[in-house]
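Down below is the structure, laid out as structure tokens.
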Amino acid sequence: MSRQWHVPEPTLVAYAVEDLSDVDSWSVEAHLVACADCRAALTRASAGTPASATVDLVRERIELDLPARRAPMGWTRQFFLVLRGAPGARSSWLLALGLVLVAASLLDASPLSKGFGEPGTWWFAHGSYVVLVAPLLQIAGVALSYGPWIDPCHEMTGSTPLGGLRLLLIRTLLVLVTVVPATLVIGLFTERGTPVLTLLPGLGLTSLTLALGSVVQLRHAALVVGGGWLTACVVPLLVKTVPQVLASPLPVVWVPVIILSSATVLLRRRSFTYAPQLVRS
């Protein structure tokens, strides 16, 4: 398995002489188990230090795969472990999702709750709270899927072979699996919003959040993207014009956004991987 990063030699030296913080030491150890190149580099870096003999012994045990070594974890258990930090796997997220969508669908079905709409306006005849909030739910799910603010073991999980972008995409997929089918079914039931109108903005804003999250923290990216979506939806309604992002699928806009954002995420995939920094005590 190819690695997205290698431990810098100064960090390996600091690790060998026990001059790293606990969190960075755990990250280095998780990386060393899966990276033969860094194990060899650690041997070279520890040469001449008191830790040299211990490093050589540990490396031999790993490479010889002694019977005392624990058997590898099955893929099923690995899959459920990496999902534990995802909001889509939590009962609290599912409950909040259900409450928001039920409230939005009741507003769509109620003639007394038209919000910005007046008889004869676009929102009164075609507006949908489900179409309005569905992308926001996806963005919120992404923000709650990955990062030190939501996962207390982020430094360790981000440095493992299943960490980084792979883990983020798996958890994002779980969020989409919980949000998208529910919004599609509710949209068809209330007859407000086509499947394409519900699907494209959500995918576009989700991919845009991931792309921006490669530059800033995901929660900040979600706030920026979510705020932009609300602005594009609410401002036209306040001035009594048609919000095009709610009225039309706009594939000419969302398809390029999805493609460019996905390319950005792939090009900047290393930004989602935790790499330990040299820390001197």
Side-chain angles (χ1 to χ4, degrees), residues 86-88 93 96-97 100-101 104-105 108 116 122-123 126-147 164-188 190 192-238 241-269 271-272:
W93 164 259
L97 171 64
V100 171
L101 290 179
S105 61
D108 282 349
F116 299 99
W122 176 88
W123 180 266
H126 306 288
S128 171
Y129 288 95
V130 173
V131 175
L132 176 64
V133 303
L136 296 177
L137 291 173
Q138 297 179 36
I139 295 171
V142 172
L144 295 173
S145 291
Y146 194 77
L165 180 60
R166 181 183 302 183
L167 178 59
L168 174 59
L169 291 180
I170 291 174
R171 290 178 173 178
T172 299
L173 178 61
L174 185 59
V175 170
L176 296 179
V177 167
T178 58
V179 175
V180 172
T183 55
L184 290 177
V185 171
I186 293 175
L188 293 174
T190 59
R192 284 179 178 257
T194 65
V196 176
L197 183 60
T198 305
L199 185 63
L200 273 182
L203 293 179
L205 294 177
T206 298
S207 59
L208 186 59
T209 301
L210 291 174
L212 186 58
S214 67
V215 180
V216 299
Q217 291 186 1
L218 272 175
R219 55 179 175 176
H220 298 154
L223 288 174
V224 171
V225 174
W229 170 254
L230 284 177
T231 300
C233 295
V234 174
V235 170
L237 294 174
L238 292 176
T241 60
V242 178
Q244 293 302 318
V245 293
L246 295 177
S248 171
L250 297 177
V252 71
V253 174
W254 294 119
V255 171
V257 167
I258 293 172
I259 294 175
L260 293 176
S261 297
S262 300
T264 301
V265 171
L266 290 176
L267 290 175
R268 294 188 51 80
R269 58 188 179 274
S271 63
F272 297 104

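Values below: all heavy atoms of this structure, side chains included; hydrogens, waters and symmetry mates excluded. Numbers for residues simply follow the sequence, beginning at 1.
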Would you give me the side-chain donor-acceptor pairs under 3.5 Å for residues 249-268, sequence neighbours excluded?
from: Trp254; atom 1: NE1; to: Pro249; atom 2: O; distance (Å): 3.4
from: Ser261; atom 1: OG; to: Val257; atom 2: O; distance (Å): 2.7
from: Ser262; atom 1: OG; to: Ile258; atom 2: O; distance (Å): 2.7
from: Thr264; atom 1: OG1; to: Leu260; atom 2: O; distance (Å): 2.9
from: Arg268; atom 1: NE; to: Ser214; atom 2: O; distance (Å): 3.3
from: Arg268; atom 1: NE; to: Ser214; atom 2: OG; distance (Å): 3.1
from: Arg268; atom 1: NH2; to: Ser214; atom 2: O; distance (Å): 2.7

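- Within the 3.5 Å criterion, the main-chain N or O of Leu132 finds a donor-acceptor partner in the side chain of Trp229.
- Leu176 CG to Leu137 CG: the interatomic distance, rounded to the nearest 0.5 Å, is 11.5 Å.
- In this structure, Leu218 CG and Ile139 CD1 are separated by 11.5 Å, a value rounded to the nearest 0.5 Å.
- Under the side-chain contact (heavy atoms from CB on, under 4.5 Å) criterion, Val224 pairs with Leu212, not counting sequence neighbours.
- Leu169 meets the side-chain contact (heavy atoms from CB on, under 4.5 Å) test with Leu165, Leu210; sequence neighbours excluded.
- Pro236 is linked by a side-chain contact (heavy atoms from CB on, under 4.5 Å) to Thr241, Pro243, counting only residues two or more places apart in sequence or in another chain.
- For Ala232, the side-chain contact (heavy atoms from CB on, under 4.5 Å) partners at least two apart in sequence or on another chain are Val245.
- Separation of atoms CG (Leu174) and CD1 (Ile170) is listed at 10.0 Å; rounding is to 0.5 Å.
- We find the CG-CG distance between Leu203 and Leu208 to be 12.5 Å, quoted to the nearest 0.5 Å.
- Residues passing the side chain to side chain donor-acceptor pair (under 3.5 Å) test with Thr206 are Gln138, sequence neighbours excluded.
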